[in-house]
2 protein chains.
Amino acid sequence: MAKLDFGPIADTTRRAEIVALLRRAILTGQLEPGQKLNELRISEQMRVSRAPLREAMRELVQEGILTSIPYAGTFVIDVTAKDIIDAYSLNKVLDEFAIELAWPQRDPRFFDELDRRHEAVKQATRAVDTTRQIETALQLHGLIYEWADNSVLLETWQRLTSRLQMYFALHQRARNEPVPAEDVHETYVALLKGTDMRAAQRHAREHIDLDFEELLAYARGLEKRPSKN
Amino acid sequence: MAKLDFGPIADTTRRAEIVALLRRAILTGQLEPGQKLNELRISEQMRVSRAPLREAMRELVQEGILTSIPYAGTFVIDVTAKDIIDAYSLNKVLDEFAIELAWPQRDPRFFDELDRRHEAVKQATRAVDTTRQIETALQLHGLIYEWADNSVLLETWQRLTSRLQMYFALHQRARNEPVPAEDVHETYVALLKGTDMRAAQRHAREHIDLDFEELLAYARGLEKRPSKN
DNA sequence: GCTTGTTAGATTGTCGACAATCTGCTTGTC
DNA sequence: GACAAGCAGATTGTCGACAATCTAACAAGC
């Protein structure tokens, strides 16, 4: 008999589904930064009571994409240029560390996944599906973290990724022209396949993914924007 | 009239107080790893309904010190030797980065705080107050993060700190002899006051705080311990 | 005119009760 | 005795209603 390994069973609580729905809405930019989340309205739209909704919001607050002020409300976090710079600079440091840890762990499965995810990015790019393009690019990026075999590092990166994804989504939403982005990951993938770890780390530290400068300019543009109702 | 700057008002929700209570109980080891948190019992003890308690637990789950299994319960996280190694190694990388960022920001207030927190550690050590000793040592350590002026980094470190504090508390609880720990931070403080940033970074990467090896041995000892009720 | 007190409405925080799910025991069958 | 089915108790998940708090609009006083 073939050896089956079953994945974990799906979370069957409303709370978990609400979390997924809200997170997606925020990360794709459907809920804008600063926007207030009205519990009653949302719970009615989702046909759910406020209890699981509130618990879900509590999770997202801790995840760092919502912020809560007692008796005032829960809001999508505001995005400042400094936030983006901070997240991005930390991301580079973590990348360097992740590469160091993952390097000796690379195996055939790693290279397969690398190609698979790279292909997914290229496909999303061809299809001009910007949301998916961001998702797949971050998943490609995340491979080294999954192979680094350090649960705390992986968790940290996933938190960071939430924000980066949100930032990029906002940015691409702002300029509604199709994204240029020919394949910017070619070098990255090649270096991860190679034998020079230092070179890969240097690339991670120096390479600017996905128009970082433009993203920053956009963020500076929406500084101090009033929060909406 | 003197210029006053008021801090933010205290959170006045039950939820916030519950979070603080639970966190403290976990980080000081009063609630042991693997232990289940019975909602009804705790809510009765605290004279609070289950709603705010559950929201508080949701926060701590996201904070990484509780874990939740739907319809089964919420438990204090289990501590494995690997968790400790992972957290510790990431901590070193973050330290190095924090020192780099904080270095040019050092000012008289920084050095004052440095001495103040160092003194607090020494005092806790003299008083043989192990819990406080851990707290103060981590606060001393946290100074560079507060001065690094990178909110994402600070937040990341605080998450990590929760766990480290829990690990050390467990360790010290296990061996109930008074901690040896004469002043192990003298060099660290001196380097942060000096002019050689590289040396400070190297020290952060290489120096082993608070008997790390012994902590690990302890963690290996309680691997696979059954969870309690 | 500007500030301060009051009030109504809306929204968040909390509560107690009910529904869904799990666990362990008992019972019946072979 | 071993095993599966089913039941009872306990616990978590969800609900609807009430209490506490905030906001904004308006009135009163200087």
Side-chain angles (χ1 to χ4, degrees), chain A residues 6 8-23 25-26 31-32 34-63 65-78 226-229, chain B residues 1 6-23 25-26 31-32 34-63 65-78 226-229:
Chain A
F6 295 100
I9 220 69
D11 283 346
T12 51
T13 62
R14 297 186 197 285
R15 179 181 69 239
E17 292 188 43
I18 297 171
V19 166
L21 267 178
L22 282 181
R23 186 190 289 122
I26 296 167
L31 285 169
E32 294 177 15
Q35 190 169 354
K36 176 173 177 178
L37 279 68
N38 185 309
E39 297 178 0
L40 196 56
R41 194 166 60 220
I42 295 179
S43 68
E44 282 170 355
Q45 286 177 358
M46 291 188 179
R47 306 289 176 82
V48 170
S49 88
R50 284 174 54 220
L53 172 63
R54 282 173 58 85
E55 291 183 15
M57 287 165 95
R58 237 24 82 197
E59 290 192 22
L60 295 176
V61 166
Q62 284 307 105
E63 207 173 300
I65 59 181
L66 289 182
T67 179
S68 161
I69 304 174
Y71 290 106
T74 306
F75 309 81
V76 179
I77 56 165
D78 270 317
S227 40
K228 297 180 177 181
N229 190 23
Chain B
M1 199 194 296
F6 295 100
I9 221 67
D11 283 348
T12 52
T13 63
R14 298 187 197 284
R15 181 182 68 237
E17 291 188 42
I18 297 171
V19 166
L21 267 178
L22 283 180
R23 187 190 289 122
I26 296 167
L31 285 168
E32 293 176 18
Q35 190 169 354
K36 176 173 177 179
L37 278 68
N38 184 309
E39 298 178 0
L40 196 56
R41 193 166 62 219
I42 295 180
S43 67
E44 281 170 353
Q45 286 176 359
M46 292 188 179
R47 306 290 177 79
V48 169
S49 89
R50 283 174 55 222
L53 172 62
R54 282 174 58 86
E55 291 183 15
M57 287 165 98
R58 238 23 85 197
E59 290 192 21
L60 294 175
V61 166
Q62 284 306 106
E63 205 173 302
I65 59 181
L66 289 181
T67 178
S68 161
I69 303 174
Y71 290 104
T74 305
F75 309 80
V76 178
I77 56 164
D78 270 318
S227 42
K228 296 182 177 180
N229 190 21

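Just so it is clear, the model here is predicted, and its values are computed rather than measured. Chain letters run A, B, ... following the sequence lines, proteins first and then strands; every chain starts at 1.
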(message) List the residues meeting salt bridge (Lys or Arg N to Asp or Glu O under 4.0 Å) with A:Glu63, not counting sequence neighbours, and say none if there are none.
(response) A:Arg23

(message) Using whole Å, what does the distance between atom P of nucleotide C:dC22 and atom CG of B:Asn38 come to?
(response) 17 Å

(request) For A:Leu37, answer base if it contacts any base atom (sugar-phosphate contacts may also be present), sugar-phosphate if it contacts only those atoms, and nothing otherwise; contact means non-hydrogen atoms under 4.0 Å. (result) sugar-phosphate

(message) For B:Ile42, give me all partners under side-chain contact (heavy atoms from CB on, under 4.5 Å), at least two apart in sequence or on another chain.
(response) B:Leu37, B:Met46, B:Leu53

(request) Kindly write out the residues that satisfy salt bridge (Lys or Arg N to Asp or Glu O under 4.0 Å) with B:Glu17, not counting sequence neighbours, or none if the list is empty. (result) none

(request) Specify the separation, in whole Å, of atom NZ of A:Lys36 and atom P of C:dT11. (result) 7 Å

(message) Taking B:Val76's backbone N and O only, do any of them form a donor-acceptor pair with B:Lys36's side chain (distance below 3.5 Å, no angle check)?
(response) no

(message) Tell me every residue that passes side-chain contact (heavy atoms from CB on, under 4.5 Å) with B:Ala25, counting only those two or more places apart in sequence or in another chain.
(response) B:Gln30, B:Leu31

(request) Enumerate, in order of first residue number, the stems that involve DNA chain C, defined as 3 or more consecutive Watson-Crick or G-U wobble pairs with both distances under 3.5 Å. (result) C:1-30 with D:1-30

Strictly under 3.5 Å: I want the nitrogen or oxygen pairs between protein and nucleotides 23-25 of chain C, one per line.
none

(message) Tell me the closest heavy-atom pair linking A:Leu40 and A:Ser43, and the distance in Å.
(response) O-OG, 2.8 Å

(message) Just N and O in the side chain of B:Arg58: are any of them under 4.0 Å from OP1 or OP2 of D:dT12?
(response) no

(message) I need the CE-P distance between B:Met57 and D:dT12, as an integer number of Å.
(response) 7 Å

(request) Would you mind reading off the distance between B:Met46 atom CE and C:dG13 atom P, rounded to a whole angstrom? (result) 18 Å

(request) To the nearest Å, give me how far apart CZ (A:Phe75) and C1' (D:dC22) are. (result) 11 Å

(message) Can you pull out every side-chain hydrogen bond (donor to acceptor under 3.5 Å, both in side chains) where at least one residue sits in residues 48-58 of chain B? Sequence neighbours excluded, please.
(response) A:Arg54-B:Glu55, A:Glu55-B:Arg54, B:Arg15-B:Glu55, B:Glu39-B:Arg50, B:Glu39-B:Arg54, B:Arg58-B:Ser68

(request) Nearest whole angstrom, please: distance from the P of D:dA10 to the CD1 of B:Ile42. (result) 18 Å

(message) Assess the residue pair A:Leu66 and A:Ile77 against the criterion (side-chain contact (heavy atoms from CB on, under 4.5 Å)); give the C-alpha distance rounded to whole Å, side-chain angles, the decisive distance to 0.1 Å, and a yes or no.
(response) CA-CA 5 Å; A:Leu66 289 182; A:Ile77 56 165; 5.6 Å; no

All N/O pairs under 3.5 Å across the protein-nucleotides 14-20 of chain C interface:
unit_1	atom_1	unit_2	atom_2	d
C:dT14	OP1	B:Arg14	N	2.5
C:dT14	O3'	B:Arg14	NE	3.3
C:dC15	OP1	B:Arg14	NE	3.4
C:dC15	OP2	B:Ser49	N	2.7
C:dC15	OP2	B:Ser49	OG	3.0

(request) Heavy atoms only: give me the nearest A:Leu60-A:Ile26 pair and the separation to one decimal. (result) CD1-CD1, 4.4 Å

(request) Please answer whether the main-chain N or O of A:Ala56 pairs with a side-chain N or O of A:Glu59 as donor and acceptor at a distance below 3.5 Å. (result) no

(message) Show the nearest heavy-atom pair for residues B:Pro70 and A:Thr13, with the distance to one decimal.
(response) CB-CG2, 3.8 Å

